[in-house]
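Written out below as structure tokens is the structure these notes cover.
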Amino acid sequence: MSESTSETRPDAKRDYRKTLNLPKTAFAMKANLVQNEPASLKRWGKLGGEGLYAVLRAQNKPKGRFVFHDGPPYANGSIHLGHLMNKCLKDFVVRTRTMMGYDTPYVPGWDCHGLPIEHKVMTELVESGEIKKLEGLEDDARRMAVRKACKKYAGKFVKLQTGQMERLLTLADYKNPYLTMAKAYEGAVIEVLSGLLERGLVFRALKPVHWSVANETALAEAELEYMDREDLSVYVDFEAADAGAVYAAFGLGEQDKKAGGTPAPPLTPSFMIWTTTPWTLPANLAVAVHERFEYALVRVDGNVTVMAREAVERVTKAAKSDEVEVLATTTGNRLVGLRYKHPFIDRAPRPVGEPDADTTNCYTVVSADYVTLEDGTGLVHTAPGHGADDYLTGMRVGLPTYCPVLGDGTYDASTPDWLSGMSIWDANALIAKRLEESGHLFFGHKFTHSYPHDWRSKTPVIFRCTEQWFVGADTPGKGGAVEGRTLREMALEFTGDPDRLAFVPAWGRNRMRGMLESRPDWCISRQRAWGLPIPSFTMPDGSSFMTAASAKAVATLFREKGSDVWFLASPEEMLAHYDPAGDPEAPAGLDVNGLKKGADILDVWFESGSSWNAVMRERFGDEAFPVELYLEGSDQHRGWFQLSMLPALGVMGRPPYKALLTHGFCNDKDGKKLSKSAGHTIESLFEHYGADVLRWWVCSLAYENDVKVDDEFFKLAGESYRKVRNTLRFMLSNLGDYDGGMPDLSSVPPTSIDAWALGEYNKLAAKVVAAYERYDFRAAHNALYDFCNETLSATYLTAVKDRLYCDKADSPRRRQTQATLFALSDALCRLLAPVMCHTADEAYRALHGVDQKDTGVCVHLLEFVETLSVRADDGWAAVLEARHAAMIAFEQAKTPAPEGLGMENPLDAGLVVPDPDGVLSGFDAGDLADLCGVSTVDLDGGADAARVIDLRDRPRCERSWKRTPDVRERSDGGMLSDRDAEAVGIA
RNA sequence: GGGCCUGUAGCUCAGUUGGCUAGAGCGCACCCCUGAUAAGGGUGAGGUCACUGGUUCGAGCCCAGUCAGGCCCA
């Protein structure tokens with residue numbers, strides 16, 4: 001502003017500006033992803049006629065195949081943030097491995113069967129009134145009608161989600177996805193079932209299972225959702241059958257009773273139990289105690305009762321008892337074997353259909369080690385038909401598995417008349433009332449606790465005994481790799497061996513092993529219509545018929561006709577491929593005509609858990625078993641990961657994967673669970689941010705933990721994306737007149753500033769590729785971001801601006817920098833391509849000047865550039881340190897006089913830089929000045945700190961604005977440095 | 001209630017087998033540039049490492065417990 005020259009020649013500045021090589025590019029600063037991403041998608045779709053995915057499959061990859069297997073999302077609703085993260089991470093895996101030189105096929109899949117869809121479809125049928133038409137139909141015909149509607153429904157959402165996943169720019173075989181409802185898939189699942197049957201791992205048994213009253217079906221663990229529920233909790237006194245025996249157990253004789261103040265005849269003591277499910281009391285068959293706990297005989301408000309010593313104060317306080325007196329104590333083992341009377345059932349009932357069941361052991365105190373002192377009384381109400389622990393206890397002590405509750409949640413005829421036919425939920429209050437009236441209810445109150453609910457209908461689930469099909473966790477296998485071994489043993493063996501199974505992150509191993517140790521037998525049957533029928537038949541004597549060979553035969557039929565055939569064909573037709581004579585397991589005298597088809601379908605987890613067979617082996621052969629990696633949310637340690645492992649262990653003798661990667665869940669910005677209604681729709685995210693920004697965000701996540709989601713974070717990702725984009729743009733804008741193609745950089749001198757940038761790239765590439773390799777996308781993201789900002793934008797690009805703008809366009813120095821920029825841009829686009837797949841391709845095509853119509857050039861067909869051949873001088877670290885010291889020195893020089901120099905513009909300054917070791921002397925002083933952003937740099941071996949020199953009294957080059965010593969008036973009257981004078985062609 | 005995990009600047013995260021003054025980015029403050037311009041650059045201020053106790057010459061890191069949050073289960 002204060003230049004006398006500009007005052008005398010006001011337009012001189014403008015003239016010189018025209019002589020500069022200023023940046024220019026068509027690569028827009030504004031990304032406009034909403035419009036441009038779909039255009040890229042379209043272009044990739046046209047690539048080679050069949051599209052990018054097909055072209056990549058046809059490439060001959062040097063490193064062979066890396067098979068990744070996609071877990072199927074449920075074909076219901078739009079994709080949400082969880083899918084977004086999941087699918088991006090999978091896409092990063094696929095694209096990074098591809099660019100590392102592997103052939104990485106990726107078959108996307110959908111889970112199509114199951115309760116959520118059937119439930120939704122049934123609701124729609126009810127709402128539309130169409131359900132009435134179905135009511136008059138035969139079972140099979142009605143099921144077929146429902147299945148048809150379900151199939152249509154699932155198909156609709158497969159299509160919707162496919163579109164959304166493609167819009168996310170994920171690269172997959174969307175033309176040939178796998179659907180669990182496809183014919184071949186269904187056949188392949190039944191083949192897995194057949195394989196497990198062959199190994200003797202499948203059986204039918206009566207067991208308490210989680211039962212949805214609303215949907216009248218057994219539920220898998222994965223179909224449960226724990227929610228708070230308020231229940232009536234009751235403390236109930238079970239009167240002892242033999243008072244004397246109880247007193248004796250506490251070491252009290254007749255006299256002690258009197259001494260304790262007990263009137264004669266002595267009060268009959270009770271055993272006090274606590275339950276939050278009063279409706280299971282009719283099925284009570286035992287009371288469990290812990291053998292080692294201390295129990296007390298307590299007088300409470302006129303009654304004498306037994307409870308754990310530790311529970312006395314808590315229980316009586318809660319009930320606000322007036323009189324509490326501990327009469328005696330004893331240990332649990334002394335109580336075992338004592339008998340009691342059921343509070344409202346006189347004679348132990350027998351399960352319906354089992355008139356001869358042995359009830360002699362009923363109503364006895366038994367021991368169990370799961371009894372705790374934290375809640376209740378230390379005496380546990382035991383109903384073998386209504387609880388897993390209770391069932392096991394019942395088996396151990398010889399109790400019948402008595403379950404008086406029907407599938408619809410009402411009591412059967414074996415219960416007292418006042419209960420029979422009543423809903424269990426209504427019975428809670430009634431039972432409490434009866435107990436109170438008969439004097440058995442000590443205390444009752446409302447109690448809120450976490451309780452399992454049917455994840456779909458959100459209704460509470462009950463435990464109920466039913467006949468179901470199971471895959472045994474502790475059943476020794478027969479033949480093959482499982483001979484004499486159980487699935488649990490094998491699963492624990494594999495998960496315990498890091499060489500055979502890798503976990504990312506490492507703690508997944510302990511988590512999965514903990515789950516395997518405690519998992520029950522897998523109940524694989526469901527009583528619904530929308531699923532894959534279990535090909536079992538009922539024989540005339542009521543027993544079940546299903547062998548490995550018969551299942552295999554049905555599988556063959558399913559492969560041909562799909563599982564609908566189960567509902568359309570006769571048992572004889574179903575077994576058309578089956579030859580009883582050739583089946584050693586066939587029951588003697590089997591008459592196919594006398595069979596009835598079973599009505600159960602498979603747990604959907606069995607279907608998705610067979611995908612290693614139905615998809616990977618099917619499409620890629622045994623080469624794809626086991627596959628390299630399964631990648632899902634951490635909930636799948638119990639879900640898909642485990643339920644894929646078990647069938648594979650049974651059939652193949654090993655897990656279907658070599659490594660498991662898990663990611664966390666999306667929470668809100670306070671780390672709380674994301675409410676489903678509050679989430680963003682995927683469309684609005686595309687609309688506001690674009691897929692590349694969302695992908696860049698996912699790439700930045702510490703995905704192994706739970707992830708916080710908020711608009712603010714997407715905005716930050718957008719800012720960060722723009723920084724990277726602008727860096728690319730600036731490089732491209734300085735290559736407008738470069739036509740050197742892919743340059744040879746081997747002659748770049750090691751001390752050249754270009755050599756430094758190229759050397760830094762090599763460090764970056766090593767870091768990024770290594771991070772991609774170990775699935776640490778976040779590390780790659782941070783390295784790429786820092787490289788764009790610090791190495792390029794702040795340091796290298798700022799330093800080379802002067803030569804790019806002011807050097808003669810074809811000067812060797814400028815051309816070398818352009819060659820560097822070209823190589824860096826090309827390589828950087830490739831490193832970014834797996835994440836910012838649209839932007840990287842857009843920039844890559846701009847760099848190579850590809851015509852819009854030319855679809856053949858695509859960064860995604862290429863591999864990473866891991867090394868650019870260049871050598872950077874060892875002294876560069878010292879140079880960068882000196883640069884930073886100089887920056888700080890200049891900052892101080894900005895301080896107004898007299899304390900500082902009152903400098904403002906670094907180009908008004910020169911620097912004297914200390915060089916005690918002489919390292920810097922090997923570098924070009926002009927380069928050093930450009931790196932520091934000042935006009936001149938002089939080295940001083942003796943100085944101990946950088947010193948700023950005020951050059952404002954020295955002439956300034958009107959073209960480069962530098963104050964170098966060679967600036968003087970030229971023939972055109974302008975003040976120019978030698979370089980600038982040469983560039984404009986004057987003396 | 002149990003298993004696994006998380007808790008480090010306002011925010012998102014690094015912190016190797018325990019060892020200099022606990023780092024980075026974003027944000028913020030101040031400043032520069034106006035030839036990357038709805039861009040670019042420089043400098044700086046921010047931390048009782050959730051809490052309590054223990055082991056150690058020494059703890060963000062190891063141990064025990066507490067609190068808060070998440071996933072899975074009961």
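We name chains A, B, ... by the order of the sequence lines, and we start the count at 1 in each one. Any value given below was found using the heavy atoms of this structure, including those in side chains, with hydrogens, waters and symmetry copies removed.
With P as the reference atom, B/rU43 and B/rG25 are 10 Å apart, rounded to whole Å. Comparing B/rA59 with B/rU52, their P atoms sit 15 Å apart, to the nearest whole Å. Taking atom P in both B/rC28 and B/rG15, one finds a spacing of 27 Å when rounded to whole Å. Nucleotides B/rG60 and B/rU66 place their P atoms 23 Å apart, quoted to the nearest Å. Straight-line distance between the C1' atoms of B/rC26 and B/rA45: roughly 15 Å, to the nearest whole Å. The P atoms of B/rG46 and B/rA9 are separated by 15 Å, rounded to the nearest whole Å. The P atoms of B/rC61 and B/rU16 are separated by 11 Å, rounded to the nearest whole Å.
Comparing B/rC71, B/rA36, B/rG25 by their nearest atom to the side chain of A/L797 picks out B/rA36. Of the candidates B/rA24, B/rG41, B/rG35, the closest approach to any side-chain atom of A/D786 belongs to B/rA24. Of the listed nucleotides (B/rG42, B/rG35, B/rU37), B/rG42 has the atom at the smallest distance from the side chain of A/K894. Checking B/rG35, B/rC72, B/rU43 against every side-chain atom of A/H884, the shortest atom distance belongs to B/rU43. If you check B/rG41, B/rC26, B/rC4 against the side chain of A/W507, the one that comes closest is B/rC4. Side-chain atoms of A/W961 lie closest to B/rU34 of the nucleotides B/rC73, B/rU34, B/rG42. The nucleotide whose nearest atom lies closest to any side-chain atom of A/L22 is, among B/rG35, B/rA14, B/rA36, B/rG35. Closest to the A/R17 side chain, of the nucleotides B/rC32, B/rG35, B/rG40, is B/rG35. Closest approach to the A/C806 side chain among B/rC11, B/rG35, B/rG42 is made by B/rG35 (side chain taken as heavy atoms from C-beta onward). The A/S634 side chain lies nearest to B/rC71 when the options are B/rC71, B/rC4, B/rC11.
Summarising the base pairing, B/rC11 is matched to B/rG25 through a Watson-Crick or G-U wobble pair whose two defining distances lie under 3.5 Å. Pairing for B/rC49 is absent, judged as Watson-Crick or G-U wobble with the two contacts each under 3.5 Å. Searching all strands for a Watson-Crick or G-U wobble partner of B/rU17 with both distances below 3.5 Å returns nothing. Across all strands shown, B/rU55 remains unpaired; no Watson-Crick or G-U wobble contact has both distances below 3.5 Å. Applying the Watson-Crick and G-U wobble criteria (two distances, each under 3.5 Å), B/rC71 pairs with B/rG3. Nucleotide B/rA36: unpaired (no Watson-Crick or G-U wobble partner with both distances less than 3.5 Å).
Using modelled atom types and a 3.5 Å distance limit, the side chains of A/T276 and A/D231 yield no donor-acceptor pair. Side-chain contact, A/S977 with A/D980: a donor N or O sits under 3.5 Å from an acceptor N or O. When only modelled atom types and interatomic distance are considered, A/T459 and A/H453 share no side-chain donor-acceptor pair under 3.5 Å. There is no side-chain donor-acceptor pair under 3.5 Å between A/N734 and A/Y805. When only modelled atom types and interatomic distance are considered, A/D635 and A/W640 share no side-chain donor-acceptor pair under 3.5 Å. At a cut-off of 3.5 Å, with distance as the only test, a side-chain donor of A/Y721 or A/T839 sits close to an acceptor on the other residue.
Checking each of A/D927, A/V879, A/T795 against A/I753 for a side chain to side chain contact (heavy atoms under 4.5 Å, CB included) leaves exactly one that passes, namely A/D927. For the salt bridge (Lys or Arg N to Asp or Glu O under 4.0 Å) with A/D908, the qualifying choice from A/R952, A/K894, A/R956, A/R963 is A/R963, the only one to do so.
Residue contacts shown for A/R725 are absent, as no nucleic acid heavy atom lies under 4.0 Å away. A/K24 comes within contact range of no nucleotide atom at all, as no heavy-atom separation falls under 4.0 Å. Counting non-hydrogen atoms under 4.0 angstrom, A/L716 reaches the backbone sugars and phosphates but no base. If you check every strand for non-hydrogen atoms under 4.0 Å, A/F713 touches sugar and phosphate atoms only. Note on A/E891: a base of the nucleic acid sits closer than 4.0 angstrom, heavy atoms only. A/P505 comes within 4.0 angstrom of nothing in the nucleic acid, heavy atoms only. Residue contacts for A/N705: at a heavy-atom cut-off of 4.0 Å it reaches the sugar-phosphate backbone alone, with no base atom in range.
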Steps toward side-chain hydrogen bond (donor to acceptor under 3.5 Å, both in side chains) verdict (A/T19, A/R959): CA-CA 9 Å; A/T19 68; A/R959 188 164 175 274; 2.7 Å; yes
Contact letters for nucleotides 62-70 of chain B, in which S counts primed atoms plus P, OP1 and OP2 and B counts the base, heavy atoms under 4.0 Å: -------SS
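Residue A/W696 contributes atom CH2, which lies 13 Å from atom P of B/rC26 at whole-angstrom precision. As rounded to whole Å, 15 Å separates atom P of B/rU6 from atom NZ of A/K708. Here B/rG35 presents its P atom at 19 Å from CG of A/D807, a figure rounded to the nearest Å. Whole-Å rounding puts the A/L907 CG to B/rC31 C1' distance at 16 Å. Spacing between atom CD of A/E790 and atom P of B/rU43 amounts to 11 Å, rounded to whole angstrom units. Distance, A/Y785 OH to B/rG27 P: 7 Å, rounded to whole Å. A/R513 places its CZ atom 13 Å from the C1' atom of B/rG3, with the value rounded to the nearest Å. Taking atom OH of A/Y805 as the reference point, atom C1' of B/rC33 lies 12 Å away to the nearest angstrom.
Note on A/K801: a side-chain N or O is less than 4.0 Å away from OP1 or OP2 of B/rA36. At the phosphate of B/rC11, neither OP1 nor OP2 sits under 4.0 Å from any side-chain N or O atom of A/K715.
A/R519 contributes no side-chain N or O that, together with a main-chain N or O of A/G514, makes up a donor-acceptor pair within less than 3.5 Å.
Heavy-atom distances to RNA chain B give each of A/F463 and A/M887 a nearest nucleotide, and the one nearer the 5′ end belongs to A/M887. Taking the nucleotide of RNA chain B with the nearest heavy atom to each of A/R778 and A/A794, the more 5' of the two is matched to A/R778.
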Listing, residues 697-707 of chain A side-chain donor-acceptor contacts under 3.5 Å, not counting sequence neighbours, or none:
residue, atom, partner, partner atom, Å
A/S700, OG, A/W697, O, 2.6
A/Y703, OH, A/Y775, O, 2.7
A/D706, OD1, A/F665, N, 2.7

What pairs of donor and acceptor atoms, side-chain ones from residues 709-717 of chain A against any protein atom, are under 3.5 angstrom apart with sequence neighbours left out?
residue, atom, partner, partner atom, Å
A/D710, OD2, A/E712, N, 3.2
A/D711, OD1, A/H680, NE2, 3.4
A/D711, OD1, A/Y689, OH, 2.9

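A donor and an acceptor atom sit less than 3.5 Å apart, one in the side chain of A/S793 and one in the base of B/rA36.
B/rG53: glycosidic angle beyond 90° from 0, hence anti.
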